[in-house]
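Reviewing the structure listed below.
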Amino acid sequence: PFSSPSMSSSSRELEGLTLGVFDEWFDDADGAVVVRNREMLQELQKRGAAVKKIALPNMQQARMAHAFKITSEFAVGWDAKMGAGADLEAATRVTVALGSSTTALEVLAAEKLRRFWMEVVEGIFEGGEGTEDDGVDCIVTPTTPMVAPKIPDGFDWDRGESNTVMSVALLKYVFPGNFLGLPGVAHPIGFSDDPNDGGMPISMLFTTRQWSGEAVALRLSRVAEDIVREKGWATRVPQAFLGEIALLYNCERTATVPRHWRCRPENAVCPWATAYRNQPVAGLNSCFHQRPPDCITCRRNNSTPTRMI
């Protein structure tokens, strides 16, 4: 039966948990991502978690099988609309076309590999029957192998971008959960120290077993939250990207209300511009957007905010 994890904090609250780490896979990411995730792994060990080396076979084949599955399912959902002349984004049309070209043989082969991989992963969680191998409670990886990529110069805002290589790279660590139906929690664990990427945030992924792993993921996430707060990262904002975020949110900084963002074109203070839990945000005097670009002021007035300022 499902039981909720304790929300209390102690120095050994992860005692009894075993974290599985596939080192070759874990470290196959940008340097800043690996550094932060290794640091968090050490912090989790300090709080009682054990770390066990694991291996996942046929990784590339599993990624390809996952790609066949999701593109073919995507095509099933959207092919009729595209055939009827729906005005889909160019990148969406490419994905639908790829999925539509997938053969039945490829889909069935992907299903066989999915079944094989599900048994392998379940064996990693379960451990060896009749042996001293007790398995693991959670598979730990970075969430993505890179920080959020920069928007390229000359980006076509009207048509978007089809970048299959980057899309596949960003799915590197999350695809097992989607492919096999495994629960997981992605938790922010700090920021990059590389000045070339703007000091963007980095995340760790806790992937657990079906039906009984949610409590483990939440337990680890609760401890990770404490660690992030202790290090002062909870309210930090990537300074190099404040201007770009303002543009994406169709907002501008005003001279009359310093450090506030106003939604265009009404120049009414955006309702999302509130202090994060009434705590000061590093680098800002007062407030910052904490919600998606769905300004209710602009929506209420039926206005169309300008894309660029």
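We number each residue from 1, following the sequence as shown.
Within the 4.5 Å cutoff, no side-chain heavy atoms of Val147 are placed close to those of Asp30. In this structure, the side chains of Arg47 and Asp226 stay at 4.5 Å or more apart for every pair of heavy atoms. At a threshold of 4.5 Å between non-hydrogen side-chain atoms, the residues Leu182 and Gln210 count as touching. Trp78 has its side chain out of reach of Thr95: every pair of non-hydrogen atoms, C-beta onward, lies at least 4.5 Å apart. Val33 has its side chain out of reach of Thr144: every pair of non-hydrogen atoms, C-beta onward, lies at least 4.5 Å apart. Using a 4.5 Å heavy-atom threshold, the side chains of Asp193 and Arg36 count as touching. Side-chain contact between Leu56 and Trp117 is present, with heavy atoms from C-beta onward closer than 4.5 Å. Side chains of Trp25 and Thr141 form a contact here, defined as non-hydrogen atoms less than 4.5 Å apart.
Every residue two or more places apart in sequence or in another chain that forms a side-chain hydrogen bond (donor to acceptor under 3.5 Å, both in side chains) with Glu106 is listed here: Thr103.
Across all non-hydrogen atoms, the minimal contact from Ala49 to Leu19 is CB-CD1, 3.9 Å. The shortest non-hydrogen separation linking Ala110 to Phe68 is CB-CB, 4.3 Å. Taking every heavy atom of both residues into account, Arg209 and Pro183 meet most closely at O-CG, 3.3 Å. Counting all heavy atoms, side chain and backbone alike, Ala55 lies closest to Pro57 at O-CD, 3.8 Å. Across every non-hydrogen atom of Met166 and Pro149, the tightest pair is SD-CG, 3.4 Å. When all heavy atoms of Ala62 and Leu113 are compared, the closest pair comes out as N-CD2, 3.6 Å.
Between the CD atom in Glu39 and the CD1 atom in Ile227 there is a gap of 11.0 Å [rounded to 0.5 Å]. If you take CG on Leu98 and OG1 on Thr71, they are separated by 6.5 Å, rounding to the nearest 0.5 Å. Between atom OG of residue Ser221 and atom CG of residue Leu205 there is a gap of 11.0 Å, rounded to the nearest 0.5 Å. Remark: Ile189 CD1 to Glu43 CD distance equals 10.5 Å, nearest 0.5 Å. With rounding to the nearest 0.5 angstrom, the NE2 atom of His187 is 14.5 Å from the CD1 atom of Ile202.
Salt-bridge annotation for Glu13 and Arg222: absent, with no side-chain N of the basic residue lying under 4.0 Å from a carboxylate O of the acidic one. The existence of a salt bridge linking Glu230 and Lys46 is excluded, since no basic side-chain nitrogen approaches an acidic carboxylate oxygen closer than 4.0 Å. Comment: Glu111 engages Lys69 in a salt bridge, judged by a side-chain N to carboxylate O separation of less than 4.0 angstrom. Between Arg38 and Asp23 a salt bridge is recorded (basic side-chain N to carboxylate O distance below 4.0 Å).
Residue Tyr173 is not grouped with residue Met146 when hydrophobic side chains (ILVMFWY) are merged at heavy-atom distances under 4.5 angstrom, including chains of intermediate members. Residues Phe116 and Val107 are members of separate hydrophobic clusters, defined by side-chain heavy-atom contacts under 4.5 angstrom among Ile, Leu, Val, Met, Phe, Trp and Tyr. Taking hydrophobic clusters as Ile, Leu, Val, Met, Phe, Trp and Tyr residues chained together by side-chain heavy-atom distances below 4.5 Å, Leu170 does not share a cluster with Ile70. Follow the hydrophobic side-chain contacts under 4.5 Å out from Phe179 and you reach Met118 in the same cluster. The same ILVMFWY cluster, assembled from side-chain heavy atoms under 4.5 Å apart, contains both Phe22 and Leu180.
When each of Val185, Leu220, Leu44 is checked for a side chain to side chain contact (heavy atoms under 4.5 Å, CB included) with Met204, only Leu44 meets the rule.
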Where do Thr143 and Ser203 land on the side chain to side chain donor-acceptor pair (under 3.5 Å) test, with the steps shown first?
CA-CA 5 Å; Thr143 302; Ser203 175; 2.7 Å; yes
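Cluster partners of Val168 are absent, since no Ile, Leu, Val, Met, Phe, Trp or Tyr has side-chain heavy atoms less than 4.5 Å from it.
Around CD of Glu73, the count of heavy atoms belonging to other residues, nucleotides or ligands within 6.0 Å exceeds 12.
Applying the salt bridge (charged side-chain N to carboxylate O under 4.0 Å, His left out) definition to pairs two or more places apart or across chains, those involving residues 165-186 are Asp28-Lys172.
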